[in-house]
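Presented below is the structure to which this report refers.
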Amino acid sequence: MAGESREQWNSRTGFIFAAVGSAVGLGNMWRFSYLTAENGGAAFVVLYLLLTLVIGLPVMLAELTVGRGAGKSPIQALAHYGGPRWRGLGAVFVAAGFIILSYYGVIAGWTLRYAGEALVTGFADDPGLHFRNIREGSGAFLFHVFFMGATIGIVAGGVKRGIERVAVIAMPALFFLVCAVALYAATLDGAGAGYRYYLNTDFVNAWSLDVLVDAAGQAFFSLSLGMGAMLTFASYLPRESHLPNESLLIASADFGVAFLAGLMVFPLIFALGLSGDVSESTLGALFVALPKAFAAMGAAGRVVGLLFFIALVVGALTSAISLLEVVVSATIDGLNWSRLQSTLVMGLAITALGAPSAWNIGFLEVMDKVANNLFLLGGGLGLSIFVGWVMKDPTGEVAVGAEGVPWFGLWRGLLRFVVPAFLIVVLWNSVPATLRAVWGLISAS
Ligand code: TRP
């Protein structure tokens, strides 16, 4: 069925909500906060914003251009413009989708469990102990299975009836929840200390190559770049859509929610004097410090905490949908499977692949590093070289529906020189550390 009757979005709004839904997720609310805490507050935020503009936006526009232009899933789209040799890069994209979703589902499972607990029993008295009890093992796997079940159900419904329908409800709801929690956090005594930590800092000491690597990986992860997710969503767009506007809108919404997440998290944590829990930051910090804060705030904390974790679940779900869609669209186009068959087979395979992450948090952490520092950055490098150097006339293609935009030449220049040079420097630094982490995991087991 490849190409004949390709599904399309119902409306521009539908596409925007789905793409923003992909971008906004655990990356904004959980990863962004802990990386900001770990890397010195506002300096990291500024660096991150800069990278979003100079590196993230051009790559996002490149993905949208290839996806809409080819109207195909990643492997076929790259072959369409670059010949069969480029299928390999598409295969790397699909592999990245597999890896990321397998551990993303486990973290999302934790958030689902916390939301359920807030509703039914309230937050545990000792969240540190509680988190250690639930983060690994069959319980963690079970909630991962619940979460993946929802993801599979939605993707099986298709682009219009599944993905788009969920996104147009979920994204406004998520935005509302995040604003409500941030407003509540602003009323707390001690919120000021949180804002101070989040919004000023000493730039000189905070900037290092390691911070740059973290910020770059985070920009790709948060914007859903480097593995063909935006490419796949753009393949369901009509020809006349204005891609520069779409990418600006998606990137602004993504940064906006990440920024708002900081406005929720830091006041909540500082109001309770729990900053120590976060600065020793590991990926679990938010699952300990925030519930501690919520538990200490009594009934109001339980309600706010419930809203917070519901927002996390909703964000994670719309992101997981896009990760699964990359893999599913690749098997629909590549193997001629039906959507239902692709979704079930691939969804269940990814769910099973989550088992090591569900039983071993060290494994999960290494997967997160491998995915971000190797796959997404490497995928982004491949894609920028592809669109900058291999694809014929990308500026002609991007300009369809966006005639008169004066900066496409600059865009191509960024993709040819600045983005690859930057990514090579970053990869040069991140690859050895990432491989060492993988080696550490192997030799420890
Ligand atoms: N961007 C999502 C987040 O911030 C995660 C995500 C969804 C993703 N799709 C992706 C990351 C594709 C990389 C590539 O949580």
- Partner of Tyr236 by side chain to side chain donor-acceptor pair (under 3.5 Å), out of Lys160, Glu325, Arg68, Gln8: Glu325
- Within the side chain of Glu7, is there an N or O that forms a donor-acceptor pair under 3.5 Å with the backbone of Val159? yes
- Just by modelled atom types, is the Phe220 backbone N or O under 3.5 Å from a matching donor or acceptor in the Ser224 side chain? no
- Where is the tightest heavy-atom contact between Asn10 and Glu164, given as atom of each residue plus distance? N-OE1, 2.8 Å
- Item | Nearest heavy atoms of Ser357 and Phe363, plus distance in Å | OG-CD2, 3.4 Å
- What's the spacing between Ile107 CD1 and Leu364 CG if we round to 0.5 Å? 4.5 Å
- Message: Are Val387 and Thr65 packed together at the side-chain level, in the sense that at least one heavy-atom pair is separated by less than 4.5 angstrom?
- Response: no
- Before giving the answer on side chain to side chain contact (heavy atoms under 4.5 Å, CB included), spell out for Met227 and Leu323 the whole-Å C-alpha distance, their side-chain angles and the decisive distance to 0.1 Å. CA-CA 9 Å; Met227 54 149 281; Leu323 288 159; 3.6 Å; yes
- Item | Arg6 and Ser235 side chains, donor-acceptor separation under 3.5 Å | yes
- Query: Has Arg165 got more than 12 heavy atoms of other residues, nucleotides or ligands less than 6.0 Å from its CZ?
  - Reply: no
- Message: I'd like to know if the side chain of His144 reaches the main chain of Ala355, judged simply by a donor and an acceptor atom lying under 3.5 Å from each other, with no hydrogens or angles considered.
- Response: no
- So among Thr318, Val178, Val257, Val314, which one has a side-chain contact (heavy atoms from CB on, under 4.5 Å) with Val24? Val257
- Test side chain to side chain contact (heavy atoms under 4.5 Å, CB included) on Tyr104 and Phe221 and set out the steps. CA-CA 11 Å; Tyr104 198 84; Phe221 185 83; 3.7 Å; yes
- Beyond-backbone contact of Leu263 with Tyr195, side-chain heavy atoms, under 4.5 angstrom: yes
- Message: What's the separation between atom CG in Leu64 and atom OG in Ser247, rounded to the nearest 0.5 Å?
- Response: 5.5 Å
- May I ask you to test the Ile134-Phe143 pair for a side-chain heavy-atom distance under 4.5 Å? no
- Task: State, with a plain yes or no, whether a side-chain heavy atom of Pro172 is found less than 4.5 Å away from one of Phe17.
- Result: yes
- Message: Any carboxylate oxygen within less than 4.0 angstrom of a Lys/Arg side-chain nitrogen, looking at Lys292 and Asp126?
- Response: no
- Message: Any heavy-atom pair between the side chains of Arg31 and Asn372 that's under 4.5 Å?
- Response: yes
- Work out which heavy atom in Ile250 is nearest to a heavy atom in Ala23; give both atom names and the distance. CG2-CB, 4.3 Å
- Message: For Tyr198 versus Phe259, what's the shortest heavy-atom pair and its separation?
- Response: OH-O, 2.9 Å
- Rounded to the nearest 0.5 Å, what's the gap from CH2 on Trp9 to CG on Leu237? Could you check? 8.0 Å
- Message: Does Leu260 form a side chain to side chain contact (heavy atoms under 4.5 Å, CB included) with Val181? I'd like the steps, not just the answer.
- Response: CA-CA 9 Å; Leu260 268 173; Val181 176; over 6 Å; no
- Would you check if the side chain of Arg339 reaches a backbone N or O of Val155 as a donor-acceptor pair within less than 3.5 Å? yes
- Query: Quick check, are the ring centers of Phe233 and Phe15 under 6.0 angstrom apart?
  - Reply: no
- Task: Kindly compute the distance separating CZ (Phe375) from NZ (Lys369), expressed to the nearest 0.5 Å.
- Result: 16.0 Å
- Less than 4.5 Å apart, any side-chain heavy atom of Phe93 and any of Ile75? no
- Message: Has Asn28 got a side-chain atom pairing as donor or acceptor with Asp254's backbone, closer than 3.5 angstrom?
- Response: yes
- Any sub-3.5 Å donor-acceptor pair from Thr232's side-chain atoms to Gly228's backbone N or O? yes
- Task: Answer whether the closest heavy-atom distance between the side chains of Tyr184 and Leu307 falls below 4.5 Å.
- Result: no
- Give me the ring orientation class for Tyr48 and Phe255: parallel if the planes are under 30° apart, tilted from 30 to 60°, perpendicular past 60°. parallel
- Derivation of the side chain to side chain contact (heavy atoms under 4.5 Å, CB included) call for Leu183 and Thr187: CA-CA 7 Å; Leu183 282 176; Thr187 66; over 6 Å; no
- Query: Judged by modelled atom types alone, do Asp333 and Ser73 share a side-chain donor-acceptor pair under 3.5 Å?
  - Reply: yes
- Determine the minimum heavy-atom distance between Trp337 and Ser342, stating which atoms define it. CB-OG, 3.3 Å
- Using modelled atom types only, decide if a donor and an acceptor are shared between the side chain of Glu246 and the backbone of Ser241 within a distance under 3.5 Å. no
- Given the options Phe147, Phe131, Tyr103, Phe309, Trp110 meets ring pair (Phe, Tyr, Trp, His ring centres under 6.0 Å) only with Phe131
- So do Leu377 and Leu381 actually touch side chain to side chain, heavy atoms under 4.5 Å? no
- Message: Does atom CZ (Phe408) have a neighbourhood of more than 12 heavy atoms from anything else shown, all under 6.0 Å?
- Response: yes
- Atom pair CE/CG of Met60 and Leu231 - distance to nearest 0.5 Å: 12.0 Å
- Query: With the threshold set at 4.0 Å, does a side-chain nitrogen-carboxylate oxygen contact exist between Arg239 and Glu397?
  - Reply: yes
- Query: Is Glu117 reaching over with its side chain to a backbone N or O of Phe123, donor-acceptor style, under 3.5 angstrom?
  - Reply: no
- Message: Using every non-hydrogen atom in the two residues, find where Leu112 and Phe146 come nearest and quote the distance to one decimal.
- Response: CD2-CB, 3.8 Å
- Message: Under a plain distance cut-off of 3.5 Å, with no hydrogens placed, do Ser319 and Ser22 share a side-chain donor-acceptor pair?
- Response: no
- Task: Measure the OG1-CG distance between Thr395 and Leu410 for me, rounded to the nearest 0.5 Å.
- Result: 12.0 Å
- Task: Would you confirm whether Asn360, through its side chain, and Pro356, through its main-chain N or O, come within 3.5 Å as a donor-acceptor pair?
- Result: no
